[in-house]
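Beneath this line is the structure, given in structure tokens, with notes to follow.
Excluded from the calculations below are hydrogen atoms, water molecules and symmetry mates; all remaining heavy atoms, backbone and side chain alike, are included.
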Amino acid sequence: MRALGIALMLAGAPLAAEPVVIDNGLIVDGSGSEPYRGWLSFEGDRILAMGRGAAPAGPGRRLDAKGRAVAPGFINMLSWANES
């Protein structure tokens, strides 16, 4: 989850106390199955839900991830960061 938060901060979307829906992204869930077009909802540092197709209507901020991969819970092990 930390990697998702860092990625969103770098993208200019700070973690919020309101629900955030990342829609229209290519979901890579780490299960080994094929990535799929879908959505992910989170609040603060917790993933609330995720699914295939278009996100259901509901409250919260929406981010369009068209053309981008969404990899919830992944940590970039290939980082060249010099500090932990």
### Query
If you measure from CD on Glu18 to CD on Glu43, what distance do you get to the nearest 0.5 Å?
8.5 Å
### Query
Does Val70 share a hydrophobic cluster with Leu48, counting links as ILVMFWY side-chain heavy atoms below 4.5 Å and allowing steps through other members?
no
### Query
Does one hydrophobic cluster hold both Leu63 and Trp39, with members joined at side-chain heavy-atom distances below 4.5 Å?
no
### Query
Roughly how far, to the nearest 0.5 Å, is OH of Tyr36 from CE of Met50?
3.5 Å
What donor-acceptor contacts under 3.5 angstrom involve side-chain atoms of residues 19-30, with partners at least two apart or in another chain?
unit_1	atom_1	unit_2	atom_2	d
Asp23	OD1	Ala55	N	3.3
Asn24	ND2	Asp64	OD1	3.3
Asp29	OD1	Ser31	N	2.9
Asp29	OD1	Ser31	OG	2.7

